[in-house]
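Side chains included, hydrogens not; waters and symmetry mates left out as well; all remaining heavy atoms used.
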Amino acid sequence: MAGQAHESLPTPRFEGDAPRLLIVVAPYYRDIADQMVAGAHAEIEAAGATHQTIEVPGALEVPTAIRIAFNADKFDGFVALGCVIRGETTHYDTVCNDSSRAITLLGLQGACIGNGILTVENMDQAQARAEVAGQNKGGGAAAAALHLIALTRAFGSSSKKVGFRPE
Ligand SMILES: Nc1c(NC[C@H](O)[C@H](O)[C@H](O)CO)[nH]c(=O)[nH]c1=O
Ligand SMILES: CC(=O)[C@@H](O)COP(=O)(O)O
């Protein structure tokens with residue numbers, strides 16, 4: 001089903017106290033980015049949550065933008081969107097590995113993040129994953145963030161915390 005992080009894991013639905021999500025998108029490839037943002041919007045709205053979208057130049061800037069917004073403590077979760085297509089040099093590896101690792105570290109430090117940064121060999125692969133009627137990776141990333149928000153609310157918070165969140 002479109003938007004599901006996994007076919008067998010329905011996206012949580014929120015009744016009241018709508019979660020606020022920030023979509024951070026790197027429109028390095030504008031058409032691909034727009035499709036993934038559309039998928040994320042649809043998934044978030046269907047779950048009864050709200051969203052705001054900001055743009056940064058490239059995938060390497062996405063984690064820093066999330067850190068900035070996380071420290072502002074205005075959002076319950078984040079969706080990272082972008083597209084990295086291999087070029088002639090090893091820069092592809094840097095962009096892919098550093099952006100994904102930074103996003104994972106932010107998650108371990110307390111941010112509820114779905115990672116929808118595509119890392120592909122060519123535009124055909126990107127298109128198949130970006131289109132909402134296709135693999136809808138933007139919707140899937142939004143679904144992942146929504147799952148983590150629901151988990152956070154279910155477990156609540158305690159004095160014992162791993163990670164950092166400004167009081
Ligand atoms: N080649 C791609 C990039 N490269 C740019 C970097 O993400 C970054 O903006 C730059 O190195 C300045 O810090 N970004 C993408 O999102 N996709 C690419 O295919
Ligand atoms: C993923 C990239 O950074 C890549 O698009 C840059 O292209 P190149 O490796 O040919 O400089």
Side-chain angles (χ1 to χ4, degrees), residues 1-14 18-70 75-107 111-150:
M1 177 183 299
Q4 297 291 13
H6 301 284
E7 290 302 317
S8 60
L9 193 61
T11 302
R13 297 291 182 260
F14 298 86
R20 306 153 300 169
L21 286 88
L22 179 68
I23 300 168
V24 180
V25 59
Y28 202 87
Y29 298 99
R30 169 59 67 182
D31 182 54
I32 295 296
D34 287 350
Q35 292 177 75
M36 293 210 289
V37 168
H41 283 177
E43 189 69 18
I44 291 168
E45 292 165 9
T50 64
H51 54 76
Q52 179 181 338
T53 302
I54 62 168
E55 296 184 343
V56 294
L60 282 181
E61 285 73 49
V62 170
T64 302
I66 290 174
R67 187 267 303 163
I68 292 167
F70 179 65
F75 301 98
D76 300 289
F78 304 88
V79 185
L81 299 179
C83 180
V84 188
I85 299 181
R86 188 185 299 277
E88 297 173 350
T89 72
T90 58
H91 195 231
Y92 171 85
D93 300 314
T94 295
V95 176
C96 295
N97 294 336
D98 286 9
S99 59
S100 62
R101 187 169 297 114
I103 287 168
T104 300
L105 289 175
L106 284 167
C112 296
I113 310 176
N115 186 353
I117 297 178
L118 303 179
T119 56
V120 295
E121 299 297 329
N122 54 58
M123 186 56 75
D124 285 347
Q125 289 179 356
Q127 179 61 32
R129 287 151 181 81
E131 56 193 17
V132 177
Q135 295 185 33
N136 191 26
K137 292 298 186 182
L146 291 162
H147 278 286
L148 293 174
I149 292 167

**Student:** Classify the angle between the aromatic ring planes of His41 and His51 as parallel (below 30°), tilted (30 to 60°) or perpendicular (above 60°).
**Tutor:** parallel
**Student:** Quick one: pull up OG in Ser99 and CG in Asn115 and give me the separation to the nearest 0.5 Å.
**Tutor:** 7.0 Å
**Student:** Which value, rounded to the nearest 0.5 Å, describes the distance between Arg129 atom CZ and Thr119 atom OG1?
**Tutor:** 9.0 Å
**Student:** Go through the steps for Val84 and Ile117 under the test side chain to side chain contact (heavy atoms under 4.5 Å, CB included), then give the verdict.
**Tutor:** CA-CA 7 Å; Val84 188; Ile117 297 178; 3.9 Å; yes
**Student:** Do Cys83 and Val120 have side chains that get closer than 4.5 Å, going by heavy atoms?
**Tutor:** yes
**Student:** Of all the heavy-atom pairs spanning Gly114 and Ala144, show the shortest one and how long it is.
**Tutor:** CA-CB, 4.1 Å
**Student:** CD1 of Ile66 to CG of Leu22: how many Å apart, nearest 0.5 Å?
**Tutor:** 7.5 Å
**Student:** Within the structure provided, determine whether Val79 and Val24 are in side-chain contact (heavy-atom separation under 4.5 Å).
**Tutor:** no
**Student:** Before you tell me yes or no, could you show the steps for Glu43 and Thr11 under side chain to side chain contact (heavy atoms under 4.5 Å, CB included), namely the whole-Å CA-CA distance, both residues' side-chain angles and the distance that decides it to 0.1 Å?
**Tutor:** CA-CA 8 Å; Glu43 189 69 18; Thr11 302; 2.6 Å; yes
**Student:** Between the side chain of Arg30 and the main-chain N/O of Tyr28, is any donor-acceptor distance below 3.5 Å?
**Tutor:** no
**Student:** Will you find, in the side chains of Glu131 and Gln135, an N or O donor that is under 3.5 Å from an N or O acceptor?
**Tutor:** no
**Student:** Between Ala47 and Pro12, which heavy-atom pair has the shortest distance, and what is it?
**Tutor:** CB-O, 3.4 Å
**Student:** Any idea which heavy atoms bring Ala33 and Ala26 closest together, and the distance?
**Tutor:** CB-O, 4.3 Å
**Student:** If you look at every heavy atom in Ala18 and Gly48, which pair is closest and at what distance?
**Tutor:** CB-O, 3.1 Å
**Student:** State the CZ-CZ distance between Phe78 and Arg20, to the nearest 0.5 angstrom.
**Tutor:** 9.0 Å
**Student:** With the side chain counted from C-beta on, respond yes when Leu21 and Leu146 share a heavy-atom pair under 4.5 Å apart, and no when they do not.
**Tutor:** yes
**Student:** Looking at CD1 of Ile149 and CZ of Phe75, how far apart are the two atoms once the value is rounded to the nearest 0.5 Å?
**Tutor:** 11.5 Å
**Student:** Taking all atoms of both residues into account, what is the closest heavy-atom pair of Leu81 and Gly138, and its distance?
**Tutor:** CD2-CA, 3.9 Å
**Student:** Is the closest side-chain heavy-atom distance between Tyr92 and Glu121 below 4.5 Å?
**Tutor:** yes
**Student:** Return yes if some donor-acceptor pair links the side-chain N/O of Glu61 with the main-chain N/O of Gly58 below 3.5 Å, else return no.
**Tutor:** yes
**Student:** Should Asp93 and His91 count as side-chain neighbours, where that means a heavy-atom distance under 4.5 Å?
**Tutor:** no
**Student:** Answer yes or no: is there a side-chain heavy-atom contact under 4.5 Å between Val25 and Ile54?
**Tutor:** no
**Student:** Taking side chain as C-beta onward, heavy atoms only, is Asp31 less than 4.5 Å from Gln127?
**Tutor:** yes
**Student:** Quick one: pull up CZ in Phe14 and CD1 in Ile44 and give me the separation to the nearest 0.5 Å.
**Tutor:** 10.5 Å
**Student:** Would you say Met123 and Ile85 make side-chain contact, with heavy atoms under 4.5 Å?
**Tutor:** yes
**Student:** For a quick test of reading the model, state the closest non-hydrogen atom pair linking Val95 to Ala59 and the distance between them.
**Tutor:** CG1-CB, 3.8 Å
**Student:** Dump the intermediate steps for side chain to side chain contact (heavy atoms under 4.5 Å, CB included) on Leu148 and Ile113, then the final yes or no.
**Tutor:** CA-CA 7 Å; Leu148 293 174; Ile113 310 176; 5.7 Å; no
**Student:** Should Leu118 and Gln125 be marked as a side chain to side chain contact (heavy atoms under 4.5 Å, CB included) after you check the CA-CA gap, both sets of side-chain angles, and the distance that decides it?
**Tutor:** CA-CA 9 Å; Leu118 303 179; Gln125 289 179 356; over 6 Å; no
